[in-house]
Amino acid sequence: MRTLLATVAATAVATTLGSAGLALAQTDEPTTAAIAIVAHQTVDKNLDLGHKGFSVGDQEMSSGKITKAGKAFGDTDGVCVATYVNAKAHELCTQTFDLPDGSIAAVGTVVSSPRGPAPFDWAITGGTGPYAGATGFVHVIPGNRAVHMTINVTY
């Protein structure tokens with residue numbers, strides 16, 4: 001009898017919690033957006049920390065202004081560290097995008113040949129404001145001082 005009562009009670013609790021969770025899921029739908037921006041680099045500082053010349057351990061710090069459809073939209077800051085240098089260079093990068101209503105953080109690698117990097121993606125690791133807990137990726141099309149990006153974010 002106790003087992004039967006415990007089973008009935010557990011079923012009632014699970015049904016109640018399941019219904020509450022279902023109601024929350026229906027009213028708390030995530031937002032997905034593709035935000036097309038251009039980052040205009042204003043600061044680019046390289047630190048030669050490894051062997052003389054570009055080598056493992058060297059760092060590049062950058063900062064810039066973000067525009068969206070040609071209008072000011074925020075700021076971006078990042079740092080990359082060389083992790084492998086041979087015929088190609090690999091850099092581990094962290095980038096933040098400070099947008100009008102919050103910020104988005106991204107991390108990933110950039111692989112470059114002597115001609116520079118091909119387009120690449122970084123993983124979105126979170127954010128602030130409405131972007132807290134954000135996921136997705138940033139698609140980057142490298143350029144000289146102006147870098148086209150699309151922030152594909154779910155928050």
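In terms of the side-chain contact (heavy atoms from CB on, under 4.5 Å) criterion, residue partners of Asp101 (sequence neighbours excluded) are, by chain and number, Leu99, Pro130, Tyr131.
Atom CD1 of residue Ile37 and atom OG1 of residue Thr150 lie 8.0 Å apart, to the nearest 0.5 angstrom. To the nearest 0.5 Å, the span separating SG on Cys80 from CG on Asp58 amounts to 12.0 Å. Distance CE/Met61 to NZ/Lys45: 7.5 Å, rounded to 0.5 Å.
Scanning both residues, Gln41 and Ser62, for their nearest heavy atoms gives NE2-CB, 3.3 Å. Minimum heavy-atom separation, Val138 to Ala106: CG2-CB, 4.1 Å. Shortest non-hydrogen contact noted between Ala146 and Val38 is CB-CG1, 4.1 Å. The two residues Val147 and Pro142 make their nearest non-hydrogen contact at CG1-CA, 4.2 Å.
Using a 4.5 Å cut-off on side-chain heavy atoms (C-beta onward), Thr67 and Phe73 make no contact. By the 4.5 Å heavy-atom criterion applied to side chains, Gln59 and Asn46 are not counted as neighbours. A heavy-atom distance below 4.5 Å is not found between the side chains of Val79 and Glu60. In this structure, the side chains of Val81 and Glu91 stay at 4.5 Å or more apart for every pair of heavy atoms. Between Gln95 and Thr76 the shortest side-chain heavy-atom distance falls below 4.5 Å. Side-chain contact between Met149 and Ile141 is absent, with no heavy atoms from C-beta onward closer than 4.5 Å. Side-chain contact check for His90 versus Thr109: every heavy-atom pair is 4.5 Å or farther apart. For the pair Thr96/Ser103, no side-chain contact is recorded, criterion being any heavy-atom separation below 4.5 Å from C-beta on.
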Output a table of donor-acceptor pairs, distance under 3.5 Å, between side-chain atoms of residues 115-127 and any protein atom two or more places apart or on a different chain; print 'none' if there are none.
residue: Asp121; atom: OD1; partner: His139; partner atom: ND1; Å: 2.6
residue: Thr125; atom: OG1; partner: Ala105; partner atom: O; Å: 3.4

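Under the 3.5 Å distance criterion, with hydrogens and angles disregarded, no donor-acceptor pair is assigned to the side chains of Thr154 and Thr135.
Tested against Asp98 for a side chain to side chain contact (heavy atoms under 4.5 Å, CB included), the candidates Asp77, Ile104, Thr128, Ile66 yield a single pass: Asp77.
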